[in-house]
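Quick note on labels: first sequence line is chain A, next is B, and so on, each numbered from 1.
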2 protein chains.
Amino acid sequence: MYPHEQTENGKDLKARVEAFKALCRSRALRVTEQRLEIFRTLAQSKSHPSAEAVFAAVRKKLPNISLDTVYRTLASMEEAGVVFRVGLSTKARFDADLTPHYHFVCMNCGEVYDIFPAPDSPALLVPQDIKQFGEVKNVNLQFRGICHRCRAAAGEKK
Amino acid sequence: MYPHEQTENGKDLKARVEAFKALCRSRALRVTEQRLEIFRTLAQSKSHPSAEAVFAAVRKKLPNISLDTVYRTLASMEEAGVVFRVGLSTKARFDADLTPHYHFVCMNCGEVYDIFPAPDSPALLVPQDIKQFGEVKNVNLQFRGICHRCRAAAGEKK
DNA sequence: AACCTTGTTAAGAATAATTCTTATATTGGA
DNA sequence: TCCAATATAAGAATTATTCTTAACAAGGTT
């Protein structure tokens with residue numbers, strides 16, 4: 001099964017916004033104009049905008065919105081699984097092991113774990129249809145989630 | 001074929017350093033103590049260190065090295081294909097399309113291109129062996145390289 | 001409909017990560 | 001050894017992101 005299933009993207013914007021509102025309510029997140037406008041902007045965009053770009057777009061509708069609100073909202077939307085963050089948010093990390101492998105990255109503590117696929121695994125092969133965009137220099141496959149240690153730590157707090 | 005083949009990691013440190021020196025010479029990069037020490041540090045590390053962490057480690061050998069040198073060197077090593085950068089270096093970007101897909105990211109201009117795999121593609125499946133690390137929330141598969149536009153622009157300059 | 005409670009926001013300061021500037025030092029070829 | 005070009009240290013500057021605080025507003029309660 002895919003980790004984030006296609007359920008909303010086929011609907012029209014109005015329906016997606018309604019679904020977003022419902023999701024907010026189910027999570028006790030207040031339905032604010034700012035959240036709605038940020039969601040609308042992102043749902044209509046095809047350019048993987050940065051927080052700054054979302055800010056610029058939303059500002060046309062809500063001139064007083066702050067950049068911080070955009071950051072906060074995008075983070076909560078990611079948390080809620082409504083948007084996907086391309087790449088890593090934390091600081092850059094480096095690896096001198098060039099053996100083909102991938103990573104599990106903890107979204108909470110930032111820890112990076114190595115995973116070496118079986119030799120016959122197709123996971124890291126470069127698909128042919130990428131050549132239309134440019135020359136591939138490397139592959140970055142990461143699975144992001146919460147590591148066992150953070151999960152356990154979160155449980156203790158309650 | 002894998003994009004970054006396993007050629008050096010099986011060798012011992014001394015051999016890897018020699019190979020690194022040879023690579024530097026072949027690219028007209030000077031072989032400096034700083035570069036060597038940064039390479040040694042990274043080659044021996046298994047923790048995907050950040051630039052700051054590399055800096056701290058290298059400092060023990062070269063107390064006067066600057067953080068900027070570490071950043072510059074890591075960038076040139078990435079460029080040379082000696083190290084791999086985990087995640088993206090640029091600012092965060094967001095995507096509200098949750099249909100399973102992956103990205104081609106231009107290492108030069110930062111542009112992000114969508115690639116939708118064939119419905120039966122195994123590319124974005126979560127392997128079972130990841131569960132040992134934690135709970136996966138999402139998958140980030142990106143191919144990084146130079147897009148055709150940047151390639152063309154670089155060609156014109158010459 | 002007015003009233004709370006609590007989450008949310010704007011504004012701008014603060015922080016963190018990375019890059020730039022400049023003068024000095026070093027590499028590697030002549 | 002000398003020279004030209006590249007690399008470096010130091011610290012300032014920039015960029016991205018987060019925090020602080022006081023005002024505000026959503027949505028449940030009366």
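Among the nucleotides dA25(D), dT27(C), dA11(C), the one closest to the side chain of D68(A) is dA11(C). With dT8(C), dT18(D), dA7(D) as the choices, the nucleotide that has an atom nearest any side-chain atom of R30(B) turns out to be dA7(D). When distances are taken from the side chain of T69(B) to each of dG28(C), dG27(D), dT8(D), the shortest belongs to dT8(D).
Among the protein residues, L67(B) comes within range of the nucleic acid bases, having at least one heavy atom under 4.0 Å from a base atom. Looking at heavy-atom distances under 4.0 Å, R72(B) makes contact with a base.
A donor-acceptor distance shorter than 3.5 angstrom exists from the side chain of S76(B) to the backbone of T73(B), with no hydrogens or angles considered. The main-chain N or O of K131(B) is found under 3.5 Å from a side-chain atom of H148(A) such that the two form a donor-acceptor pair.
The 5' end of DNA chain D is approached more closely, in terms of each residue's nearest nucleotide, by L29(B) than by the other of L29(B) and P63(B).
Y71(A) has a side-chain polar atom (N or O) that falls below the 4.0 Å cut-off from OP1 or OP2 of dT17(D). Between T32(B) and dT8(D) there is a side-chain N or O to OP1 or OP2 distance below 4.0 Å.
We find that CD of Q34(B) is positioned 14 Å from P of dA25(C), with the value rounded to whole Å. The CG-P distance, from L74(B) to dT18(C), rounds to 10 Å in whole Å. If you take CD of E33(A) and C1' of dA26(D), they are 12 Å apart, rounded to a whole angstrom. Rounding to whole angstrom units, CD of residue E52(A) and C1' of dT18(D) are separated by 14 Å. Taking atom CD1 of residue I38(B) and atom P of nucleotide dA7(D), one finds them 12 Å apart after rounding to whole Å. Between the CG atom of L36(B) and the P atom of dA7(D) there is a distance of 13 Å, given to the nearest Å. In this structure, M77(B) places its CE atom 14 Å from P of dA7(D), rounding to the nearest Å. Between the CG atom of N64(A) and the C1' atom of dT8(C) there is a distance of 15 Å, rounded to whole Å.
Between H101(B) and F116(B), the two ring planes are parallel [angle under 30°; tilted spans 30° to 60°].
Judged by the 6.0 Å distance and 45° axis criteria, R144(A) is positioned over the aromatic ring of F84(A).
One hydrophobic cluster, built from ILVMFWY side chains closer than 4.5 Å, cannot hold both V31(B) and L29(B); they sit in different ones.
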